[in-house]
Amino acid sequence: MTRSQAADRLAAIPIRVPGTLDAKMAGPVEAFFVRHRDRLVWLHAVMFLFFLAVIFLPLFLPEAPENATALNNFTRFANYAMWGLWFPLVFISVIFTGRSWCGLLCPMGAASEWANKKGLQRPIPAWVRWEGTPIISFLLITILGQTVGVRDHPEAVAEVFGGTLLLAIALGFVYGRNKRAWCRHMCPIGLLLGVFSRIGAVQFAPKRKKAGGDRFTEKGVCPTMIDIPRKEESRHCIECFRCVNPQSQGGLYLRLRQPGEEIAQIRRHHPNPYEVLFLFLGTGIALGGFLWLVLPQYQQLRQAVGSWFIERDWYWIGEPGPWWLMSVHPERREVFNWLDFSMIVGFMLAVMVLLSLVLSLTTGLSAWLAGRLGADRGLASRFVELGYQYAPVAMVSLVLGLGGELFSPLTRLGLSAEMVGLVKGGLFTLGLLWSLYLGRRILSNQGLQGARLWLPLLPGVIGSIAVGLAWWPAVFGI
């Protein structure tokens, strides 16, 4: 058989089984976006202008009255759009559409790419390409958001999100050649969505896959530098449809899959220790950002630390710091001093370290027990694979915590606080059960079957419950 005959035979094999849900839905969706992908630039432009209005326009408006709502005041609307809609709905969307937000709607990524087309287009340096860079970016942005009061003050929203937008544009202007270096290497939200996109129901898969594993390349059409024929993971794919050509024998195609499939089969999809590290650290730092607001123990600790400083005549600890580093808004009766700043940062880092240690210990114990019972590969490989089992419970926790405003309309519809709590509890239970299911599938793929599965699965149960109990005060207020 000649090479051309082999290619023709391969092309004749349908990539979607006729009559299946995948064939009925994925094909038309793919065709629609391929047909209109040149018009996405207008959607990006609209989103860019809307984003600018949400983060900057409240700076020039009068203070919102205390009885103002999102329906009659733009400042309140902008705040609800950010924290009640954007954050939670973007997180939830990855289950159904992967990182479609990044490729189809995100104004930061689009602005970075626009700047790149007119910029210096220098080679992307190693410090940008380091896989720990977006982890640091996420931690810094999350901590800064808490110290400046990003959920309460328009000035803080403009600083955090406006500053992030400027960084995205600057990085795009300097580095890369017709690529999105920001989206791949530095975007704090991109890394978060990338990890969770692995549990999504969509995948862009190669039509003619090459061996060798997932690779990085600055050649080709992919703006996030995926080596398309070797693509194995979803986290870097922003679903821009540029690599999709239904008439071609090569490139990628859109397929529907069972949610969680990629994590259940994680060893076939380029497991990455940096992702697991981020999953642990990111969940911990976000948790710390909410616990300091609701735990009375935090206020008691703050009082004790402040007294310790005052007893030693270190009065500078009570002085307010610069506005760009902490919340200084006397007109709104909120002025942070160096004690507040130090306590918030220290508390968030302590919670991050503590939760990361708990998850590391439970994951390590699972990996060790699995090895003792006959699982394949080494301890480190099993640890990384099993670390992914916490993705669903972590995502649900972040949605309930970061997107608490999403549920506020339920009370206006007549639901009691107890009923809203039951809704949240039900969502968390689904996330917990999903995590346990994925842990079982991962252990099964490591070679464990039957009764040998349950003992290594038990530490994962404990770790997932620990995440839920840690988020309980922030989510339910008790």
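Numbers here are sequence positions counted from 1. For clarity, every value in this text was computed on a predicted model and none was experimentally measured.
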Novice: Is it the case that the side chain of Arg184 and the backbone of Lys179 share a donor-acceptor pair, with hydrogens and angles ignored and the cut-off at 3.5 Å?
Specialist: no

Novice: For the residue pair Thr75 and Ala64, what are the closest heavy atoms and their distance?
Specialist: CB-CB, 4.4 Å

Novice: So, for Ala181 and Leu171, which heavy atoms are closest and what is the spacing to 0.1 Å?
Specialist: C-CD2, 3.9 Å

Novice: Does the side chain of Leu193 reach to within under 4.5 Å of the side chain of Val90, using non-hydrogen atoms?
Specialist: yes

Novice: Can you tell me if Lys219 uses its side chain to pair, donor with acceptor, with the backbone of Asp227 under 3.5 Å?
Specialist: no

Novice: Go through the steps for Leu398 and Leu192 under the test side chain to side chain contact (heavy atoms under 4.5 Å, CB included), then give the verdict.
Specialist: CA-CA 10 Å; Leu398 288 171; Leu192 193 68; 4.0 Å; yes

Novice: Can you tell me how far the CG atom of Asn73 sits from the CG atom of Asn67, to the nearest 0.5 Å?
Specialist: 9.5 Å

Novice: Could you report the tightest heavy-atom contact between Val351 and Gly284, atom names first, then the distance?
Specialist: CG1-O, 3.7 Å

Novice: In this structure, which one of Phe341, Tyr298, Phe347 forms a ring-ring contact (aromatic ring centres under 6.0 Å, His included) with Trp292?
Specialist: Tyr298

Novice: Enter the distance from Ser397:OG to Leu427:CG here, rounded to the nearest 0.5 Å.
Specialist: 10.5 Å

Novice: Give the intermediate values and the outcome of side chain to side chain contact (heavy atoms under 4.5 Å, CB included) for residues Glu385 and Ile442.
Specialist: CA-CA 7 Å; Glu385 291 177 5; Ile442 293 170; 4.0 Å; yes

Novice: Could you check Gln121 against Asn178 for side chain to side chain contact (heavy atoms under 4.5 Å, CB included), going step by step and ending with a plain yes or no?
Specialist: CA-CA 8 Å; Gln121 298 190 341; Asn178 297 320; 3.8 Å; yes

Novice: Got Trp101 and Val94 here, is their nearest side-chain heavy-atom distance under 4.5 Å?
Specialist: no

Novice: Do Ile189 and Phe87 come within less than 4.5 Å of each other through their side chains, counting heavy atoms only?
Specialist: yes

Novice: So for atom CZ, which belongs to Arg177, do other residues, nucleotides or ligands contribute more than 12 heavy atoms lying within a distance under 6.0 Å?
Specialist: no

Novice: Can you tell me if Lys231 uses its side chain to pair, donor with acceptor, with the backbone of Phe204 under 3.5 Å?
Specialist: yes

Novice: I'd like to know if the side chain of Ser112 reaches the main chain of Ala168, judged simply by a donor and an acceptor atom lying under 3.5 Å from each other, with no hydrogens or angles considered.
Specialist: yes

Novice: So, Arg332 and Glu334, do they make that salt bridge, N to O below 4.0 Å?
Specialist: no

Novice: Parallel, tilted or perpendicular, judged at 30° and 60°: which one describes the rings of Phe216 and His185?
Specialist: tilted

Novice: Indicate, with yes or no, if the rings of Tyr388 and His269 have centres closer together than 6.0 Å.
Specialist: no

Novice: Any non-hydrogen side-chain atom of Met82 less than 4.5 Å from a side-chain atom of Ile55?
Specialist: yes

Novice: Please determine whether the number of non-hydrogen atoms from other residues, nucleotides or ligands lying under 6.0 Å from atom CZ of Arg35 exceeds 12.
Specialist: yes

Novice: Are the side chains of Ile95 and Met395 in touch, meaning some heavy atoms are under 4.5 Å apart?
Specialist: yes

Novice: Tell me whether Thr363 contacts the main-chain N or O of Phe383 through its side chain, where contact means a donor paired with an acceptor under 3.5 Å.
Specialist: no

Novice: Atom CG of Asn337 and atom CE of Met343: how far apart are they, to the nearest 0.5 Å?
Specialist: 11.0 Å

Novice: Heavy atoms only: give me the nearest Ile199-Leu438 pair and the separation to one decimal.
Specialist: CG2-CD1, 4.4 Å

Novice: Just how far is it from atom CG of Leu355 to atom CD1 of Ile285, taken to the nearest 0.5 Å?
Specialist: 10.5 Å

Novice: The test is side chain to side chain contact (heavy atoms under 4.5 Å, CB included); show your working for Leu254 and Glu239 and say whether it passes.
Specialist: CA-CA 9 Å; Leu254 175 65; Glu239 302 181 13; 5.9 Å; no

Novice: Under 4.5 Å between any side-chain heavy atoms of Thr142 and Pro188, yes or no?
Specialist: no

Novice: Does any part of the side chain of Met352, heavy atoms only, come nearer than 4.5 Å to the side chain of Leu139, both counted from C-beta?
Specialist: yes

Novice: Do Ser435 side-chain atoms and Gln389 backbone N/O form a donor-acceptor pair below 3.5 Å?
Specialist: yes

Novice: Quick check against the 3.5 Å criterion: does Ser356 have a side-chain atom that pairs as donor or acceptor with the backbone of Val353?
Specialist: no

Novice: Once the angle between the rings of Phe196 and Phe91 is folded into 0 to 90°, is it parallel (under 30°), tilted (30 to 60°) or perpendicular (over 60°)?
Specialist: perpendicular

Novice: In terms of side-chain heavy atoms, does Ser234 have a donor or acceptor partner in Arg257 at a distance below 3.5 Å?
Specialist: yes

Novice: Short question: side chain of Thr133, backbone of Trp127 - any donor-acceptor pair under 3.5 Å?
Specialist: yes

Novice: Could you pull out the closest heavy-atom pair between Glu233 and His270, with the gap in Å?
Specialist: OE2-ND1, 2.6 Å

Novice: Applying ring-ring contact (aromatic ring centres under 6.0 Å, His included), which residue pairs with at least one partner in residues 151-179 are found, sequence neighbours left out?
Specialist: Trp86-Phe161, His153-His329

Novice: I need the Ile228 CD1 to Cys222 SG distance, nearest 0.5 Å.
Specialist: 5.5 Å

Novice: Are Arg180 and Glu113 ion-paired here, with the side-chain N under 4.0 Å from a carboxylate O?
Specialist: yes

Novice: For the OG1 atom of Thr224 and the CZ atom of Arg99, what is their distance to the nearest 0.5 Å?
Specialist: 7.0 Å

Novice: Is the closest side-chain donor-acceptor distance between Tyr390 and Thr283 under 3.5 Å?
Specialist: no

Novice: What closest approach, in Å, do Glu262 and Glu232 show between heavy atoms, and which atom pair accounts for it?
Specialist: OE2-O, 4.2 Å

Novice: Could you check whether any side-chain heavy atom of Leu281 comes within less than 4.5 Å of a side-chain heavy atom of Phe138, counting everything from C-beta outward?
Specialist: no

